[in-house]
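These numbers come from a predicted model, not from an experiment.
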Amino acid sequence: MTILLAGATGALGGRIARELRLRHADVKAIVRHGTTPDKVARLEALGVTVVELDPDDLSQVTEACRGASCLVSALNGLRPVIIDTQGVLLRAAVAAGVPRFIPSDFSLDFTKTQPGANRNLDLRRDFHKLLDAAPIKGTSILNGGFMELLAGQAPFLLFKPKRVLFFGDVDQRLDFTTMDDVAAFTAEAALDPTTPRVLRIAGDQVSARDLAAIAGKVTGTPFKTLRAGSLGALATVIRLLRAVAPGRRSVFPPWQGMQYMHNMFTGEGKLAPLDNGRYPGLRWTSVAEVLATR
């Protein structure tokens, strides 16, 4: 089977390419003209065929799509990427007769959240309308938050003061999955012609209370939970930040991360039921394992 991959030079896309090659798939990665040689070389070292083109040129992308059994998108960006460029990928896949399309969703369950609650996820919701109207089989993979963020960027765990930040309910369970596990599952799904419209996975499901216990055990130092406020207060802060720092050209302005946290702590984006058991050979990484490597 030949899998066409967009976004292969990114953190998640590169992992998907590796997992597909481990499963002996033929992988063709489309990259922009001018992609740095080192990024191309890393893909070619995996055995990936790299095609440099203009991803917004329908004829070029259509030609690259020919013979593929599935197109996987791991692109990330705002409307010009998620709607426009990914829309070209979709039209090209249909024109070339590609039977299946996996869009770049990889998030909490925005099919259950309210429109307007998260800008980046609203873009994915808009793309779903295009995908569902196209004569191609679409499969979205939803994985909660990337677990690696717990060890650094995401403000859930505050390591110096030994606190776990939360809003609302301390026992609201949150979904996290490592990029490696998402990539492995995506590779399996790309090679599986029987996938449904949505697949939901979570490497671990933990509450703020659970995170405090896990962090304390891993580090050997007790962690406490810290309620930063109500969900209503968080929503107010988001509105104020958007007003003073719109971040229209930034994929992840500060308020965007807050919107994601709000979606998680309300429970609206909770993943259920899970499809973790669909491919029995996969192993799921726990939060404790990720924190232990910090």
Side-chain angles (χ1 to χ4, degrees), residues 11-12 15 106-110 112-113 117-118 120-121 142-185 200-241 245 247 251-274 276 282-294:
L12 179 60
R15 287 171 166 83
F106 307 114
S107 62
L108 54 78
D109 196 345
F110 59 86
K112 300 176 181 177
T113 61
N118 188 309
N120 289 8
L121 299 187
L142 305 177
N143 56 265
F146 287 122
M147 196 181 292
E148 291 86 350
L149 297 178
L150 287 173
Q153 293 174 269
F156 291 92
L157 282 162
L158 308 177
F159 286 93
K160 287 185 178 180
K162 309 299 180 185
R163 295 291 185 270
V164 176
L165 191 71
F166 75 97
F167 293 86
D169 184 359
V170 69
D171 291 312
Q172 172 62 51
R173 294 175 70 78
L174 315 172
D175 303 311
F176 295 100
T177 315
T178 65
M179 284 192 185
D180 285 341
D181 290 351
V182 173
F185 189 90
R200 298 173 174 89
I201 56 174
D204 210 344
Q205 297 178 304
V206 292
S207 67
R209 195 189 304 275
D210 296 331
L211 281 173
I214 294 168
K217 184 175 181 179
V218 168
T219 64
T221 306
F223 274 64
K224 294 181 179 180
T225 58
L226 174 61
R227 190 176 190 269
S230 68
L231 290 166
L234 177 57
T236 299
V237 171
I238 292 169
R239 285 195 297 272
L240 292 173
L241 279 177
V251 180
F252 296 114
W255 52 262
Q256 173 61 50
M258 292 180 181
Q259 284 188 326
Y260 212 90
M261 290 182 73
H262 191 273
N263 291 154
M264 295 182 81
F265 279 114
T266 62
E268 292 177 355
K270 190 79 180 65
L271 298 170
L274 294 181
N276 286 34
L282 298 182
R283 178 188 173 279
W284 300 95
T285 309
S286 68
V287 166
E289 291 173 286
V290 167
L291 295 185
T293 63
R294 181 180 180 274

Which heavy-atom pair separates [X] from [Y] by the least distance, and what is that distance?
X    : Y    : value
S230 : A233 : OG-N, 3.0 Å
T177 : I201 : OG1-O, 3.6 Å
A228 : L165 : CB-CD1, 3.4 Å
G247 : P253 : O-CG, 4.1 Å

* To do: For D171, check salt bridge (Lys or Arg N to Asp or Glu O under 4.0 Å) against everything at least two apart and list the hits.
  => R209
By side chain to side chain contact (heavy atoms under 4.5 Å, CB included), which residues pair with [X], not counting sequence neighbours?
X    : result
A245 : none
Q205 : R173, D175, A202, K270, L274
A235 : R239, H262

* Any side chain to side chain donor-acceptor pair (under 3.5 Å) pairs touching residues 217-228, not counting sequence neighbours? -> none
* Between F185 and W284, how do the two ring planes meet: parallel, tilted or perpendicular, split at 30° and 60°? -> tilted
Please enumerate all residues that pass side-chain hydrogen bond (donor to acceptor under 3.5 Å, both in side chains) together with [X], with sequence neighbours excluded.
X    : value
D181 : T178, T285
N118 : Q256, N263
S207 : D210
D180 : R15, R18

Do the side chains of [Y] and [X] get nearer than 4.5 Å, heavy atoms only?
X    : Y    : value
Y260 : L121 : yes
F265 : D169 : no
V290 : D204 : no

* **Any donor-acceptor N/O pair, E148 side chain to M179 backbone, under 3.5 Å** => yes
Calculate, to the nearest 0.5 Å, the distance between atoms [atom1] and [atom2] belonging to [X] and [Y] respectively.
X    : Y    : atom1 : atom2 : value
R200 : D109 : CZ    : CG    : 4.0 Å
L241 : T236 : CG    : OG1   : 11.0 Å
W255 : L234 : CH2   : CG    : 13.0 Å
F176 : M264 : CZ    : CE    : 4.0 Å

* **With F166 via ring-ring contact (aromatic ring centres under 6.0 Å, His included) - residues at least two apart** => none
* Give the intermediate values and the outcome of side chain to side chain contact (heavy atoms under 4.5 Å, CB included) for residues L157 and F223. => CA-CA 9 Å; L157 282 162; F223 274 64; 4.3 Å; yes
* To do: Take F252 and N120 through the side chain to side chain contact (heavy atoms under 4.5 Å, CB included) test and state the conclusion after the steps.
  => CA-CA 9 Å; F252 296 114; N120 289 8; 3.8 Å; yes
* Evaluate the side chain to side chain contact (heavy atoms under 4.5 Å, CB included) criterion for residues F167 and Q172: first the C-alpha distance (whole Å), next the side-chain angles of each, then the deciding distance (0.1 Å), finally the verdict. => CA-CA 9 Å; F167 293 86; Q172 172 62 51; over 6 Å; no
* V218 vs V287, side chain to side chain contact (heavy atoms under 4.5 Å, CB included): CA-CA, chis, key distance, verdict -> CA-CA 10 Å; V218 168; V287 166; over 6 Å; no
* Structure fact -> The complete set of salt bridge (charged side-chain N to carboxylate O under 4.0 Å, His left out) pairs with one or both residues in residues 282-294, sequence neighbours excluded, reads R283-E289
* To do: Would you mind listing every salt bridge (charged side-chain N to carboxylate O under 4.0 Å, His left out) that reaches into residues 151-165, with sequence neighbours excluded?
  => none
